[in-house]
Amino acid sequence: MLRRPRRNRVTQSMRDLVEENSLSTKDLIAPLFVIDGKNQKIAIDSMPGQFRFSIDNLLKEIFELDKIGIKCISLFPAVNDSLKDKLATKSYDKDFFYQTAIKEIKNKFPHILVMTDVAMDPYSSDGHDGIVCEKTGKILNDQTLEILGKMAVTQANSGSDIVGPSDMMDGRVRHIRMALDQNGLNETAIMSYTAKYASAYYGPFRDALDSAPKSGDKKTYQMNPSNRLEAIRELKLDEIEGADIVMVKPGLPYLDIIRDIKNSTVLPVAAYNVSGEYAMIKAAAANGWLDNDSVILETLTSFKRAGCDMILTYFAKEAAILIS
Ligand code: PBG
């Protein structure tokens with residue numbers, strides 16, 4: 001036989017030699033949840049192995065991640081209900097614990113990249129990513145931009161290296177870029193949640209933050225899971241508006257979108273392997289139905305194959321240990 005594809009699979013060394021895509025610890029971004037207080041490490045039921053950390057314990061976790069080669073974390077605050085309001089005021093309070101956390105991380109680990117979340121929902125009494133109009137219940141896009149701009153500037157002033165608008169308001173990348181630049185923060189990067197779908201896979205994350213919408217859903221701002229071309233439209237806008245990195249979210253059910261975006265841009269592409277994707281694998285592994293370690297590596301490699309330069313994943317720590 002002239003052509004035998006199996007020749008390239010005969011030994012591990014041969015397979016390694018012809019390998020097209022591989023996962024590196026450098027590609028991994030670890031999402032972490034921070035809470036106010038001291039000496040807290042609270043398990044998140046729907047995300048086994050993930051915790052809400054008070055700042056002291058968060059620093060210990062980052063020390064561990066640093067040791068195994070993870071150099072970027074994405075930080076989310078779980079805010080006490082009594083501190084939430086309609087305008088998410090705490091999101092741009094420079095003395096709030098989220099800002100303290102950023103400062104302490106950068107102080108202790110200057111080389112660790114801190115990515116921060118720009119959206120109202122963790123601080124909003126409505127549980128929405130934008131301002132909810134009292135009369136109509138609609139999301140007020142342009143008024144929300146003002147808050148997002150202040151939030152991004154506050155985070156960047158605290159030391160954030162990358163701000164990540166996860167809100168899906170129109171025009172937010174441009175607004176945030178201009179706000180940052182006006183405040184002399186021209187080195188702060190924007191990783192835009194470019195194609196963020198209205199997904200049921202965010203369930204466990206909303207448990208972790210207690211941030212589910214109090215009424216309605218997020219379908220007027222997050223994208224319809226049926227749409228593919230719309231992701232390219234969002235991409236083109238984010239490019240013009242000044243995004244430095246573009247992201248697709250969720251990950252696994254949207255690998256086709258990751259590939260579309262990779263083929264349509266020269267910007268670095270990220271994907272968010274979200275909480276529900278994590279929960280599914282953890283649940284199956286806990287039942288003995290799937291092999292945890294192999295499935296993690298296969299899953300994360302599929303992101304690389306689809307075209308990702310980097311992956312936000314709750315598996316970051318486990319994967320880094322597995323591939324070291
Ligand atoms: C909201 C936000 C969400 C996630 C990150 N930022 C949830 C949502 O849009 O309701 C989800 C992440 C995950 O599920 O892991 N700004």
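Just so you know, ligand 1 is whichever comes first in the structure, and atom 1 is the first atom listed for that ligand. Numbering of residues begins at 1 and proceeds along the displayed sequence.
The protein atom (non-hydrogen) at minimum distance from atom 1 (C) of ligand 1 is Asp121 OD2, 2.8 Å. Taking atom 16 (N) of ligand 1 as the reference point, the nearest protein heavy-atom neighbour is Ser166 OG, 2.8 Å. Closest to atom 14 (O) of ligand 1 among all protein heavy atoms lies Ser275 OG, 2.7 Å. If you check which protein heavy atom lies closest to atom 8 (C) of ligand 1, you get Lys218 NZ, 3.3 Å.
Note: Tyr98 and Phe76 fail the aromatic proximity criterion, with ring centroids not under 6.0 Å apart.
In Asp167, neither the side chain nor the backbone holds a heavy atom less than 4.0 Å from any atom of ligand 1.
Summarising the contacts of atom 4 (C) of ligand 1 with Glu277, Lys196, His128, Lys249, the nearest heavy atom is found in Lys249. Here the shortest heavy-atom distance to atom 7 (C) of ligand 1, taken over Tyr314, Phe205, Tyr197, Phe33, belongs to Phe205.
Ring orientation note: the planes of Phe51 and Phe53 are tilted relative to one another, at an angle of 30° to 60°. Using a 30° and 60° split on the angle between ring planes, Tyr221 and His128 fall in the perpendicular class, above 60°.
Defined by atom type and a distance below 3.5 Å, a donor-acceptor pair is missing between the side-chain atoms of Gln155 and Ser160.
Ligand 1 lies less than 4.0 angstrom from a heavy atom belonging to Tyr272.
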